[in-house]
Amino acid sequence: MKMTSAEVRNAFLSFFNSKNHQVVASSSLVPHDDPTLLFTNAGMNQFKDVFLGIDKRNYSRATTSQRCVRAGGKHNDLENVGYTARHHTFFEMLGNFSFGDYFKEEAIGYAWEFLTEVVKLPKEKLLVTVYQTDDEAFDLWANKIGVPKERIIRIGDKSPEKKFESDNFWQMGDTGPCGPCTEIFYDHGEHIWGGPPGSPEEDGDRFIEIWNVVFMQFNRQADGTMDPLPNPSVDTGMGLERIAAILQGVHSNYEIDIFQNLIAAAVKIIGTNDLENKSLRVIADHIRSCGFLIADGVMPANEGRGYVLRRIIRRAVRHGNKLGATDAFFYKLLPALIAEMGEAYPELQTQLPVIERVLKLEEEQFAKTLDRGLLILDEALSELSCSVIPGDLVFKLYDTYGFPADLTADIARERELSVDEAEFEAAMQAQRERAKQASNFGTDYNDNLIIDSATEFLGYQHLEADVKIVEMYKD
Ligand code: ATP
Ligand code: MG
Ligand code: MG
Ligand code: MG
């Protein structure tokens, strides 16, 4: 069944609305009241307290299309972008939720009905996984739905020590609501490399996970104990782009309508002929996360959420540079983004002046040091005798030329090299020490320059600084 992404979104929400689910708007990408979370990474985030029984709503069933960013924290897909067919930093998660209302049987039934009757996926291309010990879910798939047993795969914990570390035990973060889940996969065909879930080739892109149906039963505490939730509930998430790919008859998410149009815009703006270059996919991905993050109030900064945004912008700029962009190009993709997504998300249009200004300024600032930094890196690499880039060089690129460590790692990976992360961390630590020493002498000029670990989010102490930057970017 051929459907545009917008049609898929509407079909999903109306299907669940017809099953008495309240259609709830997507929440912000910034989970303001949840210090355990970097960015909204799943549809259930805005309902966390409802699952925990702390918050009550006047509905017990809800459905959403939630904007999500996975570029840091527990679910981090930044490094996958450009390498897999199915990962974005920004994506939309379609979800249905039961707050102590229905449980496994209806949740599985609804998912199957939507996939096979509403959007009419061929049943023989679907397979499912369940948590190893979840006989109830296995039985429902096998006997109620009628999925052949050989296409129901039990997935266990990674090891006895890593209890509840399984693809079929979903956790929002290190703490919070969690539970066993059942996932639905689509087989894109033999011609694509990859194996079924649980097999050694599962990371390939032949069998793509489309929908995760979580049976929320526990609240995980910081010490790892699992407290039962007051009411067993349901939380599901299906990537809009992944289901759209199937319905549009393409394999990769990057071939769906939204991405084809963003990529076409990038080709035109940058003026490249290299249409297959994976940098185009990275840029198309990154304009979505950056546009939406700024629309939701995140501003580039040297810490926390703002630093993640800065890193994504700089990665996009570097990929544009690789394709031959000479002037600031990234912000010029915003009209194309609005053409694709502005109807569903009007804030993109209303925030456009701020988003444009921020992206342009960031790009112009980074462009000043990018060429020089790349030159230094190239020179050093030509003399490199092993396949590991020294941490000191990664630090120098970061400290002097504004290269976030993951950007250098991205370049390294393209050349089949890696970076010495331990040495980089040591250099960072030494810089922190120096900053601390300096602060013992009165004014701490280095305070704003301390940038904590390039990959892990460390806290929100600088949110106030972010707010000041918002002011700065305003007229
Ligand atoms: P994968 O194993 O492919 O990385 P996941 O198991 O991490 O996916 P979930 O946390 O179960 O994903 O999220 C629910 C659904 O959201 C997935 O089944 C998928 O359809 C979609 N999804 C997850 N991560 C991404 C992403 N980075 N980009 C696009 N869609 C995603
Ligand atoms: Mg994942
Ligand atoms: Mg998975
Ligand atoms: Mg999953």
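For ligands, and for the atoms within them, numbers begin at 1 and follow the listed sequence. Hydrogens, waters and symmetry mates are skipped; everything else that's a heavy atom, side chains included, is used.
As for Glu209, its N/O/S atom nearest the Mg ion (ligand 3) is the one called OE1. Among the heteroatoms counted here (N, O or S) of Glu183, OE2 is the one nearest to the Mg ion (ligand 4).
At a cut-off of 3.5 Å, with distance as the only test, a side-chain donor of Tyr254 or His88 sits close to an acceptor on the other residue. A side-chain N or O of Asp223 and one of Thr225 form a donor-acceptor pair less than 3.5 Å apart.
Backbone or side-chain N, O or S atoms of Asp167 do not reach the Mg ion (ligand 3) at under 2.8 Å.
With rounding to the nearest 0.5 Å, the separation of CG in Leu337 from CZ in Arg288 is 8.0 Å.
Across Glu92, Arg67, Gln46, a single residue satisfies side chain to side chain donor-acceptor pair (under 3.5 Å) together with Ser26, and that is Arg67.
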